[in-house]
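Worksheet for the structure shown next.
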There are 2 protein chains.
Amino acid sequence: MERASPPVPGPDAFWSCESYVVVVTPGTPTTQRSQAVTLEQPTLEAACEAIADGLEREALVTVFGRCTVDYDGRASSTLEAGDRHVMLKPDGAALVHTDEGQQPVNWQPPGCDHDVRCDGGADGESDPELILESVRSTPDERLCVRFEEVLQVSTFFGADENELALSGTEEDLRQRILDEPALLETGFTPLATERDTPAGAIDIYGEDAAGRSVVVELKRRRVGPDAVSQLRRYVDALERDLHADAAVRGFLVAPSVTDRATRLLSDHGFEFVPLEPPAE
Amino acid sequence: MERASPPVPGPDAFWSCESYVVVVTPGTPTTQRSQAVTLEQPTLEAACEAIADGLEREALVTVFGRCTVDYDGRASSTLEAGDRHVMLKPDGAALVHTDEGQQPVNWQPPGCDHDVRCDGGADGESDPELILESVRSTPDERLCVRFEEVLQVSTFFGADENELALSGTEEDLRQRILDEPALLETGFTPLATERDTPAGAIDIYGEDAAGRSVVVELKRRRVGPDAVSQLRRYVDALERDLHADAAVRGFLVAPSVTDRATRLLSDHGFEFVPLEPPAE
DNA sequence: CGTGCCAGGTGCCCT
DNA sequence: AGGGCACTTGGCACG
């Protein structure tokens with residue numbers, strides 16, 4: 001069950017720890033950019049060794065098998081035995097996935113130290129197990145996955161130079177209004193974005209045609225009461241900040257608004273402008 | 001590159017579609033509860049077949065390789081070629097992970113239809129690719145992952161009957177106060193939880209020793225201005241609801257509070273009670 | 001299915 | 001490191 005020492009990707013691989021040039025297989029003389037090495041149904045000891053090796057080499061490591069999971073930190077949790085998929089990332093993140101849900105059942109954020117060891121079984125007192133631990137501080141948090149059986153261990157090396165290009169965000173919506181202020185109201189003049197107040201930063205601050213102060217709160221999607229409260233905080237704070245008697249107008253800009261939020265808007269004398277982030 | 005048809009787990013496996021009894025390997029006559037089947041460096045066609053088979057059998061399927069990712073729905077995004085880890089869950093969830101971050105770079109929530117196909121290459125006009133598509137409606141969203149190279153395909157079958165036991169939640173904090181109302185204030189009497197108002201539901205509604213109405217907002221962790229705004233909404237709404245002149249007292253219960261939130265609390269005449277969810 | 005809100009939210013940016 | 005907030009937030013419970 002000895003497996004070849006996995007080569008490490010070249011210098012442009014973003015998750016390499018060092019630069020190597022390695023021959024993967026006789027007859028494969030090129031530098032491997034990416035690679036996946038897999039153990040199937042390994043012993044716990046072999047799995048442990050492969051995982052330790054993968055972590056050492058800054059690989060992305062996955063483990064599938066029957067395990068229990070314990071977490072303690074900001075909250076605490078336990079999960080009895082079952083088959084789950086565990087992913088350990090070289091940046092210190094850990095994910096435990098069941099076969100359901102988009103969210104991991106347990107996890108650890110980037111910045112953790114991963115540790116793996118085999119324990120028990122020798123003295124016959126306890127069942128043998130493979131223990132995966134991810135620990136961090138600030139806050140102190142510990143995730144512990146104990147495998148009684150490992151069905152697969154994989155280590156992945158790869159290269160990924162590109163970043164996600166996302167559109168349809170609140171930032172895009174803001175830009176749309178700054179490009180064409182009349183979308184808010186004829187005569188509107190933006191004066192600042194992220195204008196700071198004692199209650200937080202105003203998305204867009206400006207003036208209407210009559211020179212009255214305007215606070216604009218932006219939301220990329222349909223909004224509820226919380227967005228109205230937010231606008232309320234900023235308008236209140238600005239009125240105090242300006243210590244002026246002139247009323248400050250509050251605008252909520254979003255694709256749509258719920259009934260309750262509509263009611264709250266009207267209670268506070270705020271205005272709603274239906275507008276979406278650009279589609280492209 | 002022909003691989004054995006993967007057995008499907010027994011009736012207690014929660015992600016089986018049907019019940020089979022299968023002999024995995026000659027000499028392994030028992031029903032397999034869990035299994036991991038892996039292809040390394042498959043052709044795109046072989047990968048496609050394995051993925052299609054895994055999806056068909058309600059397995060958890062992972063694919064690692066060089067791909068581009070396009071998403072369109074509530075927002076839209078593109079991601080140029082790189083090596084990523086894709087997980088397809090039998091409940092319809094899809095996750096695309098790079099080697100960094102706890103969050104997937106792209107994803108699709110449960111309830112999607114996964115589809116896989118091979119395309120191009122035959123006519124020489126376009127490079128051959130393996131296309132993974134996850135689609136849902138309400139809202140209409142589409143995720144498309146195009147692999148130019150697949151380094152690994154795995155299909156996982158497993159059993160997981162146990163659910164996560166979590167403690168340290170807001171619910172635990174609420175129970176703590178209901179068990180010992182004096183933790184809020186001597187003489188406090190809880191009257192209702194989740195009491196509905198036009199502005200939303202009040203975590204705990206009750207009376208103080210003098211019979212004045214009390215609104216309690218709970219947070220399991222340190223809070224900022226948003227929690228104060230929330231409390232404000234409920235107190236306002238309750239005062240209108242009761243159409244009484246008697247002032248309603250507002251309490252914020254949390255482990256701690258930020259400076260800005262402290263300021264806002266004092267502005268509104270609310271009180272803060274430092275309290276944590278029980279540790280166990 | 002929409003509304004409202006908690007979450008071990010996470011991630012990003014700013015001080 | 002802590003604060004404030006957006007997020008394709010996800011997830012749940014309720015009308």
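A note on names: the letters A, B, ... follow the listed sequences, proteins ahead of strands, and every chain is numbered from 1.
Relative to the side chain of R233(A), the nucleotides dG3(D), dG8(C), dC5(D) differ in distance, and dC5(D) lies closest. Distances were taken from every side-chain heavy atom of E141(A) (C-beta onward) to each of dG2(D), dA6(D), dG8(C); the shortest belongs to dG8(C). Candidate nucleotides dT8(D), dC5(D), dC5(C) were compared by shortest atom distance to the side chain of Y234(A), and dC5(D) ranks first. The T138(B) side chain lies nearest to dG2(C) when the options are dG2(C), dT8(D), dG8(C). Closest to the R260(A) side chain, of the nucleotides dT10(C), dG11(D), dG4(C), is dG4(C). The side chain of D203(B) has dC6(C) as its nearest neighbour among dC6(C), dT10(C), dT8(D). Checking dA6(D), dC5(C), dG11(D) against the side-chain heavy atoms of Q103(A) singles out dG11(D) as nearest. Distances were taken from every side-chain heavy atom of A75(B) (C-beta onward) to each of dC6(C), dG10(D), dT8(D); the shortest belongs to dT8(D).
Of the residues near DNA chain D, A199(A) and S76(B), the one whose nearest nucleotide (by heavy atom distance) lies more toward the 5' end is A199(A). Both V257(B) and R220(A) lie close to DNA chain D; mapped to their nearest nucleotides by heavy-atom distance, the more 5′-ward contact belongs to V257(B).
Atom name P, nucleotides dG4(C) and dG8(C): the rounded distance is 22 Å, in whole Å.
Heavy-atom contacts from other residues, nucleotides or ligands closer than 6.0 Å to CD of E163(B) number 12 or fewer.
For an aromatic pair to be called close, the ring centres must be under 6.0 Å apart, and H85(B) with H85(A) satisfies this.
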Practice task
Begin from the C-alpha positions of V215(B) and F270(B) and carry the test side-chain contact (heavy atoms from CB on, under 4.5 Å) through to its verdict.
Solution key: CA-CA 10 Å; V215(B) 172; F270(B) 296 149; over 6 Å; no
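With R220(B) contributing its side chain and E171(B) its backbone, the two residues share no donor-acceptor pair below 3.5 Å.
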